[in-house]
Each structure stands twice: as C-alpha cells, then as structure tokens.
There are 2 protein chains.
Amino acid sequence: MANIYDVAREADVSIATVSYVINGKHNLNPETVEKVARAVEKLNYKPNRVARSLALNATNLIGVVVSDISNPFFSPIVRGIEDAAGRKGYIVVVGNSDEDWEKAGKYLDTLINHRVDGIILSPTSSFEKLENKLGGLDKPIVLINRSSTSFKCDTVESDNMLGAEMAVKHLLEMGHTRICAFSGPLSVSTHLKRIEGYRAAMAEWSVPIRDEYIVTSPRHNDMEFIRKSVTGLMTGNKRPTAIFAGSGKIALNVLKSVNEMNLRVPEEVSIISFDETEWASLINPPLTTVGQKTYKMGQTAAQILLERIDHGTTGNKIRNIRLVPELNIRSSVRALLS
Amino acid sequence: MANIYDVAREADVSIATVSYVINGKHNLNPETVEKVARAVEKLNYKPNRVARSLALNATNLIGVVVSDISNPFFSPIVRGIEDAAGRKGYIVVVGNSDEDWEKAGKYLDTLINHRVDGIILSPTSSFEKLENKLGGLDKPIVLINRSSTSFKCDTVESDNMLGAEMAVKHLLEMGHTRICAFSGPLSVSTHLKRIEGYRAAMAEWSVPIRDEYIVTSPRHNDMEFIRKSVTGLMTGNKRPTAIFAGSGKIALNVLKSVNEMNLRVPEEVSIISFDETEWASLINPPLTTVGQKTYKMGQTAAQILLERIDHGTTGNKIRNIRLVPELNIRSSVRALLS
DNA sequence: AAAATATTTTTAAGCGCTTAAATCAGATAG
DNA sequence: CTATCTGATTTAAGCGCTTAAAAATATTTT
C-alpha cells in the first residue's frame, strides 16, 4: 500500500508538500496541488490514519461501552452516537459490559491503550469501582442512561422519575388506585428513580402506598421472581387493578405471567410499561408505554463528547441532561369508573 | 500520560527492555522484569496501541459495516462479532450503511485509512459497485447475511432457500395449498433465495404456483404496498389460506394489514414469517417463524476473519457457510383439513 | 539591479513504539 | 591468561505521518 513517500516521489515534491495538499493547508501553488492529486489518484494512496494519529495525538476514535449492544434499548443509542460521530469524522468502537464492572474495566483499558479521543459509557452497578480509572483520564467521558452520584461528568439520561410519574398519573387519571409497581434492583439508579416517581405520583394524588405493591426484583430479568409475584398479588383478595412495569423486559415477563393466569388485559388488569419496544403496538391489546428517547440519548451524548474533545476537557461546567420520555397511550389501560 | 521513555528512565533500563518485558519476550533477568513492572505500576503506564500499531502494521481493529445497528436483526450479529473478536484481543468499530452503497463505500474508506486488520460487511444492493475498492484491498474481508455472486470471498449467511422451504413445507404439511409469499426486492439475494425456496417447496409437493401469489415489494418496508396487496388478495374470491412473510419487517406489516381488515389469525388466514423477533412469541396468536441464527452468524464471521488475519489472506480456499435456520412452531398456522 | 518582501517548498525533528543487530558482562574452556 | 561462548541489555533504525523553521524562489519596492 502506497505511502506518503511514494506519492512525493511520484509527484516530485517533498512529503511535507504532500501532507499539506492532503490536509488542504498552507499556500500551495495550484499546479503543485494538481500534480500531487494526480499522484494520489494514480497510486491509489490512502493516508495512514494510524501514523497521523500518532503524530497528532488524536485518533478520531470514540469508545462506547454499553451493557449489551443486542439489547433493543441500547442499539438505537449506539446508532445515535454513530450518526453524530460520523458526521464529524469520528468512528465508533463498541464493547459490551454485560452489566459486569470488571468486564467494563477491561474494555476501558483497551480503549485507553488505543487512545480513543473520548468515551461514552453506560454505568453498570458497582460503577464506583471504575471511578479511579476514569478519574485519572485526560480524555472526556460522558455517561449515558444512568448517572453516578459520586463521579462527576457530563451525563445524558432519561428523566426516569418524571417518566414514572407520567405513567402512574395516567393510571390514576384513568381511575386506578390499587397500582402495583414492578421494578428491577434498586441499586440501579434508573430503577430507583422510577420508584421515586411512582411514590411521588401516588403522593400527589394522596393515594396511600402499600409496601407489598412495590415489588423489586433482586436481579435483572428474573422471570421466576416475577411470575411468583404476579401470581401472589393477583390471587390475593385485595388485588391490584393496574401494574406499572418498570422496564420493557419486566413488562414482557409480567405480560407472560398474566397470560399464563388467563387474566384479561385490560379488563382484569391494566398494564403500563416503561420503555417503548418494537412489539408494544403489535401485541393484543397494544401496550401503553412511556418511551425513552434512545436515539436522541446517543446523539446528544456524542454531541457533548465531541464538543469536549474540540474545546478541551477542562472548560465549561458539567452538563446533566435529562430527556423527557413520552407517553404512548394505547389499549392496555382501561378506565376504571369507581 | 507516561510513555515508554518515562518507564525506561524510572526503571533505569532502555526502552527496548521495557518493550520486551511488556510483550513478554526474550531472555529477561527476573530482577529487571520486576524493576520494570514496578515502574509501569508507579507511572500508571498504558502502552500506546497506536504507536504499536504503526510499528507492527497491525491495529487489532476490525471494521464492521451493517445496514443498521439499531435493527434487531443486525444487533445480535454485531454482538457475536464483538464477543469473538474481543476474546482474541481485537476491538470492533461499527458503521451503518442504511442500504446505501455509497455510504458503505465512504465508511469503507475510513476503515481503510484507519488500517483495520479486517472487515466484516453486510452487502447492500448495488454491492458490485464496491467490488473494485474491496478487490484491491490487502486485508481480509468476510461477507455476512448476503452473498455476492461476482465478488469471491468468505461468506457467512443463512440458508435462505432452505429456511423458506422449511416454512412453506410446514404450511403444506398443515394442509395449505393456496399459499401466498410476500417478499422484499428480488435484487437482494436473500429475498431471491427465499422465493426460490418457496417455489421449490411448492414444486416438491406438486402444488401449482400462481404468479399473483408471489408479491414482491419494490422497496424494503413499503407499508403502503403491502397493505394494498394484502387487501387485494384477501378480498378476491380465490383468496389464500396462508401467507409466508419473507422477513420480520414484512410480517409486521402483513400482520397490521390483516388486523386492519379484521381477519382472524389463524382462523381466516395462517401466517408464517421468516426471522425470529423478540415479539413473535408475545403477540396474539404467537407467531410461527423460521428464525435465523444471527448471533452465530456474527461469531462465525469473526472467527473466519481472525483466522485469515492470523494466517495471511492468501491461503486456504474460500469458505461459504450457510447457517441452518430453525422452525419455531407457535400458533399462527392452523391445520387445514380439506 | 540590489534589497526587501511575499510566496512556495523543503528540511528535519518528533510522535511512541518494535526489533534486528551490536554490545557488554560473566561464565567456561583451552 | 586469553579466547570463546552464553545470556542480558542497549543501540539505532524504522513504521508513516505533521509541522515549525529554514530555504529557495518569485515578486515588489527602492
């Protein structure tokens, strides 16, 4: 593969000149530009970005760490990042943490070795264990999806509390009061915020909160746990009329459990879910959801990161952006005329 | 950020020695190793991969081009790639082509400039226009999802013809003969193969093929076209008893159209779909599908690519792997007792 | 026409690594 | 005691670019 020396020889100029015409700088004689262009064309010269990166101390690479790229929640985020980054000439390298901070840490080391210009990271639980590593970094970082209380840096997330409030208020407005919330582990800030939103909405409507109506999975995606909880709650005598599912995955499991019990939605139980999914509008009945702006989240995170990369990591104050979710009213919530 | 000179100075050795201990080569005095290790630790030294890449002419980067990472079909593929690549110390950079060969071409140029060690590419239509660019490359390439007749290189795809045969035979076995096939543009090899499979299955069962039962969208995801076609077919007098949807997206649109017409599935029309989706088992009735092994596809592609990277791009013969799809029988196909 | 100035191109050092070849210090042999 | 060999470390060149500073050339000015 031809290098800059080959081009220089072909065009009968110095490598400096080649470099200058390729980067479009300096005062160049138009004839020289033409000569070099011809040589580039003839030799099919592709400037070596790794040499350039070494010289410039900038790779035009941005690193992304998500829990799982095959999760339909994360993939639009990555797409948003890629689009925003691509427009500015950056390429995106992606890794999966599987919610495992050690795995995330290893991947971060690799990214650092590769000298990515910046990192977008979706914090896992035990995220604080990575904070030293990130703190000592001279490259900008932006957090997505979840925030960290201890580590201060730009963050783009959904307004989870508001989203939950929107969902629960919708149920309240439809006449429900016996509203049950299914949540993932509260060690995860998103879930915690959603439960806070649930509480806030209930409080605002002065509806007493029963502890047994707040069910918290100890782990993500624990189908067994959810099945048991749904069965327990829906066979009791004071059974809820509505369920707020704290995530798309939880909604899926709740739905399956409810189907297994042959309970009709929304006649016997109304369901509203956090997270908009591809199938929400497809199932029967179409599922009412509070959707997160995932693409926007990625896009915004990338924009902020690129600003930092351009203007140095020091300036400005730290930004914490909360995207407002949107309520998609469909047919899984029925009006309760009490 | 400390470099190899800093470490050498701190450990009071030459940079060559530092390099040797970091890469674990050569005859090293254990004491020296220890000394260097301490210096590395103390200075929090992170070897600069870009300098290493330049010296070694190998970046440990692999480039991936898919139509759309946020498409649930592609994201597990990318995950499979990432997992296989990560195990061997490679990182993955991903770009989206949006089925646009020019966009794919631009991204390929970027990848080449960055000197990725290999490329995994999902061909778009008009893929042949990229063949020069790819042909002149001295880096290995593997194609996924779709193959190219003209460009010869390793390919990992689903056995689309077989998958369609499996689907259509299932319908035939259930007693259907008036089977309609909905397909994407036949310029795309996957769709072409699936229609071939449809024809083969029909032929094998000696069921005459009616041309009007093969409906081909001119574009991907043309909801209007599908709605019209479904309406047309299902209001005629010789209406089909079953529909084979040539992709998950098509199934989604067919399903919506069928719902709009208030046709009951499977009582009035049976449906089977290519592609397994997250929602297939969730909808009512649960959708019978022929699922592709997407994760495996990515993983296999990466393994083949890495082999080529290790053993040089020249050796061996070209491999063309066809993954066998799997039939997921659910409830959207009813037995027709004629 | 020489000096001063403006324009264009080149020289050369540096970015942080790898590695073949050279060097050096000990150990062993003659 | 010197020559030879072995093992450990260093020297130095090279990977392909960028860019400040120097040099060369062209254009104005006096």
Side-chain angles (χ1 to χ4, degrees), chain A residues 1-37 39-40 43-61 89 109-117 138-139, chain B residues 1-37 39-40 43-61 89 109-117 138-139:
Chain A
M1 194 169 250
N3 65 20
I4 200 171
Y5 288 91
D6 300 322
V7 176
R9 196 176 318 118
E10 176 72 29
D12 195 31
V13 295
S14 73
I15 61 164
T17 302
V18 176
S19 176
Y20 287 133
V21 343
I22 280 170
N23 297 298
K25 296 190 194 163
H26 237 258
N27 303 328
L28 284 320
N29 183 332
E31 284 173 23
T32 312
V33 173
E34 177 59 25
K35 248 192 331 187
V36 171
V40 165
L43 300 178
N44 189 28
Y45 170 63
K46 307 281 179 192
N48 187 327
R49 255 271 20 155
V50 2
R52 181 158 215 265
S53 296
L54 183 61
L56 291 180
N57 190 29
T59 54
N60 276 34
L61 235 52
D109 280 331
T110 308
L111 293 177
I112 295 169
N113 289 348
H114 277 270
R115 297 296 191 268
V116 296
D117 291 336
D138 54 347
K139 303 286 166 61
Chain B
M1 193 170 253
N3 65 19
I4 201 170
Y5 289 91
D6 300 323
V7 176
R9 195 175 320 116
E10 176 72 28
D12 195 31
V13 295
S14 72
I15 60 164
T17 301
V18 175
S19 176
Y20 287 133
V21 343
I22 281 169
N23 297 298
K25 296 189 194 163
H26 238 261
N27 303 327
L28 282 322
N29 183 330
E31 283 173 23
T32 311
V33 173
E34 177 58 23
K35 248 192 331 188
V36 172
V40 165
L43 300 178
N44 190 27
Y45 169 65
K46 306 281 180 192
N48 187 327
R49 256 275 11 159
V50 3
R52 181 159 216 265
S53 296
L54 183 61
L56 290 181
N57 189 30
T59 54
N60 276 34
L61 235 51
D109 281 331
T110 308
L111 293 179
I112 295 168
N113 289 348
H114 277 271
R115 298 295 191 269
V116 296
D117 290 335
D138 55 348
K139 301 287 164 67

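Note on naming: letters A, B, ... go to the chains in the order of the sequence lines (proteins, then strands), and numbering restarts at 1 for each one.
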Pairs meeting criterion salt bridge (Lys or Arg N to Asp or Glu O under 4.0 Å) with involvement of residues 44-61 of chain B, two or more places apart: A:D109-B:K46
field: Interface residues of residues 6-19 of chain B with DNA chain D (non-hydrogen, below 4.0 angstrom)
entry: B:V13, B:S14, B:A16, B:T17
- prompt: Taking C-beta and beyond as the side chain, do A:N48 and B:R115 meet within less than 4.5 Å on heavy atoms?
  reply: yes
Partners passing side-chain contact (heavy atoms from CB on, under 4.5 Å) against A:I15 (at least two apart in sequence or in another chain): A:I4, A:Y5, A:A8
- request: Identify the 5'-most and 3'-most nucleotides of DNA chain D with at least one atom closer than 4.0 Å to a non-hydrogen atom of chain A.
  value: D:dG16 to D:dA20
query: For A:D6, what residues pass the salt bridge (charged side-chain N to carboxylate O under 4.0 Å, His left out) criterion, not counting sequence neighbours?
result: A:R9
Partner set under ring pair (Phe, Tyr, Trp, His ring centres under 6.0 Å) for B:Y20, not counting sequence neighbours: B:H26
query: Which residue pairs pass the salt bridge (Lys or Arg N to Asp or Glu O under 4.0 Å) test when at least one of the two sits in residues 26-36 of chain A, sequence neighbours left out?
result: A:E34-A:R38
message: Could you work out, with salt bridge (charged side-chain N to carboxylate O under 4.0 Å, His left out) as the rule, every residue matching A:D12, not counting sequence neighbours?
response: none
message: Tell me every residue that passes side-chain contact (heavy atoms from CB on, under 4.5 Å) with B:A55, counting only those two or more places apart in sequence or in another chain.
response: none
query: When you look at A:S14 and A:T17, which way does the side chain to side chain contact (heavy atoms under 4.5 Å, CB included) test go after all the steps?
result: CA-CA 5 Å; A:S14 73; A:T17 302; 3.3 Å; yes
field: Rounded to 10 degrees, the angle between the two terminal axes of the helix from C:dA1-D:dT30 to C:dG30-D:dC1, each from five pairs
entry: 70°
Shortest non-hydrogen separation from A:Y45 to A:N3 and the atoms involved: CE1-C, 3.5 Å
- prompt: In residues 50-61 of chain A, which residues come under 4.0 Å of DNA chain C by heavy atom?
  reply: A:L54, A:A55
Write out a two-atom table: protein N or O, nucleotide N or O from nucleotides 22-24 of chain C, distance below 3.5 Å.
none

